[in-house]
Amino acid sequence: MVVIIAEKPSVGRDLARIVGATTRRDGYMEGNGYAVTWAFGHLVQIVTPASDVAWAAEYLPILPEEFLLSPGTKRGPDGKPVIDEGYVKQLDTIKALFDNADYIINAGDAGREGELIQRYIYSYVGCTKPVKRLWISSLTDNAIRDGLANLHDASEFDPLYAAGKARSESDWLVGINATRALSIAAKYYRKGSNVLSLGRVQTPTLAMVCKRYLENQNFVPQPFWNIKVTSQKGGIVFTAITKDRFTDSAKSAAALAAILELGTMTVTKAETKEKSQQPPYLHDLTSLQKEANRKYNMSAQDVLDTAQSLYEKKVLTYPRTGSKFIPEDVFATVPSLLRNIYDNTQFGSYAMSLEGKPLNKHSVDATKVTDHHALLPTEVKPSGDLSDSERKIYNLVIARLLEAVSPKCDYLSTVVEFDSASNILVAKGNVIVNPGWKAVLNEKEAKKGDEPEQTLPAFAVGDVLPVDSAECVEGKTKPKPIHTEASLLEAMEHAGKEIEDDELRESLKDIGIGTPATRAGEMETLLRRNYITRKGKSLIPTEMGLTIYDIVKDMYIANVEMTGKWEIVLSKIVDGEASARAFDESIRRYVVALTKEILETGIEDITCPKCNTVMKIWDNNVKCPECGLNVWRTVAKKKLSLKEMYQLIMECKTDVLDGFVSKAGKPFKASLILLEDGSVSFDFSAVNAATSAPTSSPSTASDNADTTPSQPSE
C-alpha cells in the first residue's frame, strides 16, 4: 500500500479522487492500492522541556540540548495550553497507516514550512518507511497527475527541511527566552496571566511600526514657498514652478514681485526625450498583498487566505511564492492562459487584443525562480461561486499577467527651464505615444512633487513667453506617513533600507525579514497581542506596543540588520551554502546575550511621590489610584515615553528632552519639572546657549504649549 499525506483534508480529497481512493475512512481515504491521509494545522510542534516549570530569572536562558515534539495544543478552560485530542487521534491514524505502508508520498505544501510540517510528523510517529516527494505548483488535475508521474526522492529536500527546522527552533529559542525575560523585568505590567511577547521577526516588525509612528507624530512641519507662473504658447496654456523652494516668505514675495514686474520669462533649456517603461513583473505573494491592501484595504492575512482558497479551487498557482518570474517552459503556456481570459468581463477584450502578437518576456528568468514561480491563473476557469474577495484577488493576478506580457509604454518626456528676473522656473510634461501595458487598467499615476502633469507646446532656447499670472504657493514639509500593511510589507521585504548607516545600508539593501509566507502572520500576531491596531488603513502602535518598543528599541531583539542577515543564512541553508548547525550555535550565543540584556533592564514600578502608591499607567496620563495625583503624558505636543515619565515622577525632573513645539510652531528643548499638583513646568537652564529657548526661570508647560489633555482612561 502507498500512503499519501497531504497538508489538509481538502487537498487530500482531491488527491484521493485522482488516485482512485474512494472509500471514506476515519481520518483518511482508501482504495486502488492507496491510502490518502492529511494533517490539519500544526499537528506536531516543539514543546517546552518538562523541567521548565517556573517564570524566574534563574531558569533563563532556556537552551535545550534536544527539542522535544508533541501533538499540537489548544487553549484549555483555564486559558492554558492543553494537548488537542483531535490532533492525537489523527496522529494515531497516520502512524497506523505508515506502519503498513510500502512507501509514503509527501504531498504537503511545496515550500519550507510545508516540508517542516511533514518532517515533524514523520519524526513524532517514528516513521522509517521510504518517502517520495510530490512537488507541484498548482492543484489542477493535470498538475497532480504530472507530479505523481514525476515524484522526487525526499532526500532532495533535506536542505529545505534543515532551513525550516532551523527557523522553527531559532524562533522558539528567541521567543521563549525574550518573552519570559521581558515579562520578568517589566513586572509592573505583569497582571494575571499577561506576558510581554517578543519574537525574532515579530519584534523588529513592531519596531518598524513604532519608529515610523513616533517620527510622524513628533515631526515638526517646516513652511516653504514656491512661485507658480501661468503662461501660454500657440494657444496651449501651461504652468511653471520655481526650481528651488523658498524657506523665507519675504524672499519668495520679493521674487514674485520681480517676476510680475518683468512680465516675461525666457527659455534657457528645453529637452524632449523618447522614453519607455517596462511593465511590472508578475506578482509574488508580497506584491499581491501590497496591491490588494492599497486598492481594497484587504489585510495581508486576508489576501493570503483568499489566494490559498483560489489555489485549492485550482484556479491559481501556489500562492506562498517569493518569485516574480517564470521559466521558459511556463512562459510557453501563457498564450493558452490568455485565451482562458477571453470571457472575463473586465479583461477579456484586452486579452483578445494580444492574440498572435509577440509577448513581452520581461518576467521570464529561470535563474530568479525560487521554490515556485510567480503567481499565475491556471488553465482551470473559475466557476461562478467565487466570493467578492476571491474575484478581486483573481482579477489582480489576471491584470498583472496581462500587464507583464504587454509591450512597454512609450512616451515623450519634456523638461523646460525658464529664467525670469534671475529666478529659475521649471515646466514638465509627458505625452504617451504608445500606452502598452498601461492600457490594461488605464490608471493614472499619482503626481509627485509640485509639478502638475500637463501637455507642453514645443519650445526653443531663447523663446520669450508672457507671464500671464503668478502667485506664491505655500506648502509644508510632510513626515513619512504612518505605516499601512502595504508599506509595512514593503519595509519587511526590503528591511535593509531601514539601516541608518549609509555604507551598511547599501551593502544590505536587499535583505528582508520574514518570508512572503510568514509576514502576514507576523502582523496578525502583533494585532492579536494588542501591540498594534488598525485605524483605517494605518497601523497604529498601542500603549503596550510603544512601551515594549521603548524598552527594546536599542537591543539585539529589535535589530533589523541582524534579523535580515539571519534570513539570508536560512536561504543559504536551503541552497546548501550554509550550515544549520552553525546557525543554531550563533542563535544560542545570541540568546544568552539577549536574555542577559533584557533582564538587566530593571524596569520598576512608577510610585506616587505623594503617597508612595503604585500609579496606573494609561495612554494619556499616569494617575495615582489612592490620592488622585494625575500627570499628563503629552506636553507641548510631545508625548512622553514611559522612561521619561518614570524619571519625571520618580525624580521630579527629567534630563533635557527635545521634540517640544511652542504655540508659534517652533521646536525647542527643555527639562521638565513636576510640581506638587501634578502639573509640569519647563526648565531651560541646562539647555545649550545656542538654543533659541529662553534661559530665565522655569515657566509652566501651559505657557509654551497649546495642548488640551484628554481625560484618563478608566
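Reckoned from all heavy atoms, side chains included, excluding hydrogens, waters and symmetry mates. Numbers here are sequence positions counted from 1.
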Taking the side chain from [X] and the backbone from [Y], do they hold a donor-acceptor pair closer than 3.5 Å?
X: Tyr531; Y: Ser197; result: yes
X: Thr542; Y: Asn530; result: yes
X: Thr179; Y: Gly175; result: yes
X: Glu474; Y: Pro223; result: no
X: Thr595; Y: Asn177; result: no
X: Ser168; Y: Gly164; result: no
X: Arg633; Y: Leu640; result: yes
X: Ser662; Y: Ala664; result: yes
X: Ser170; Y: Ala166; result: yes

Inset, instruction - Quick one: sort the Phe67 and Trp172 rings into parallel, tilted or perpendicular, breaks at 30° and 60°. - result: perpendicular
Within 6.0 Å of [atom1] in [X], more than 12 heavy atoms from elsewhere:
X: Arg581; atom1: CZ; answer: no
X: Glu65; atom1: CD; answer: no
X: Glu626; atom1: CD; answer: no
X: Lys165; atom1: NZ; answer: no
X: Phe40; atom1: CZ; answer: yes

Legend entry - Test item: side-chain donor near acceptor, Arg112 and Thr515, under 3.5 Å: no
Legend entry - Pair Thr73-Gln45, side-chain donor/acceptor within less than 3.5 Å: yes
Ignoring hydrogens, what is the shortest heavy-atom contact between [X] and [Y]? Give both atom names and the distance.
X: Leu489; Y: Ala300; value: CD1-CB, 4.1 Å
X: Pro625; Y: Val614; value: CD-O, 3.5 Å
X: Ala558; Y: Val552; value: CB-O, 3.4 Å
X: Leu206; Y: Gly545; value: CD2-O, 3.9 Å
X: Ile83; Y: Pro71; value: CD1-O, 3.6 Å
X: Val680; Y: Leu648; value: CG2-CD2, 4.1 Å

Could you tell me if the side chain of [Y] sits less than 4.5 Å from the side chain of [X], heavy atoms only?
X: Thr563; Y: Val201; result: yes
X: Pro609; Y: Leu629; result: yes
X: Tyr59; Y: Arg180; result: no
X: Val635; Y: Leu657; result: no
X: Tyr124; Y: Leu43; result: no
X: Asn293; Y: Asn297; result: yes
X: Leu288; Y: Val303; result: yes
X: Glu493; Y: Gln289; result: no

Legend entry - Residues Glu291 and Lys295 bridged, charged N to O under 4.0 Å: yes
Inset, instruction - Verify side chain to side chain contact (heavy atoms under 4.5 Å, CB included) between Arg320 and Leu304, making sure each step is shown before the conclusion. - result: CA-CA 8 Å; Arg320 291 174 172 82; Leu304 175 56; 3.9 Å; yes
Legend entry - Test side chain to side chain contact (heavy atoms under 4.5 Å, CB included) applied to Ile513 and Trp566, step by step: CA-CA 8 Å; Ile513 59 173; Trp566 285 341; over 6 Å; no
Legend entry - Pair Lys639-Leu214, side chain to side chain contact (heavy atoms under 4.5 Å, CB included): steps then yes or no: CA-CA 9 Å; Lys639 186 169 185 178; Leu214 292 172; over 6 Å; no
Nearest-0.5 Å distance, [atom1] of residue [X] to [atom2] of residue [Y]:
X: Leu526; Y: Leu539; atom1: CG; atom2: CG; value: 9.0 Å
X: Phe660; Y: Asn218; atom1: CZ; atom2: CG; value: 10.0 Å
X: Ile184; Y: Leu196; atom1: CD1; atom2: CG; value: 11.0 Å
X: Met615; Y: Tyr646; atom1: CE; atom2: OH; value: 13.0 Å
X: His494; Y: Thr286; atom1: NE2; atom2: OG1; value: 8.5 Å
X: Arg212; Y: Thr484; atom1: CZ; atom2: OG1; value: 9.0 Å

Inset, instruction - Would you check, one step at a time, whether the test side chain to side chain contact (heavy atoms under 4.5 Å, CB included) holds for Met544 with Arg529? - result: CA-CA 9 Å; Met544 184 179 289; Arg529 299 280 187 189; over 6 Å; no
Legend entry - salt bridge (charged side-chain N to carboxylate O under 4.0 Å, His left out) assessment of Glu567 paired with Arg200: CA-CA 11 Å; Glu567 296 293 348; Arg200 183 181 64 87; 3.4 Å; yes
Inset, instruction - Please say which of Arg294, Arg534, Lys290, Arg519 ends up in a salt bridge (Lys or Arg N to Asp or Glu O under 4.0 Å) with Glu485. - result: Arg534
Inset, instruction - Would you please test Lys565 and Glu561 for salt bridge (charged side-chain N to carboxylate O under 4.0 Å, His left out) and show each step? - result: CA-CA 6 Å; Lys565 285 181 176 178; Glu561 173 195 340; 3.1 Å; yes
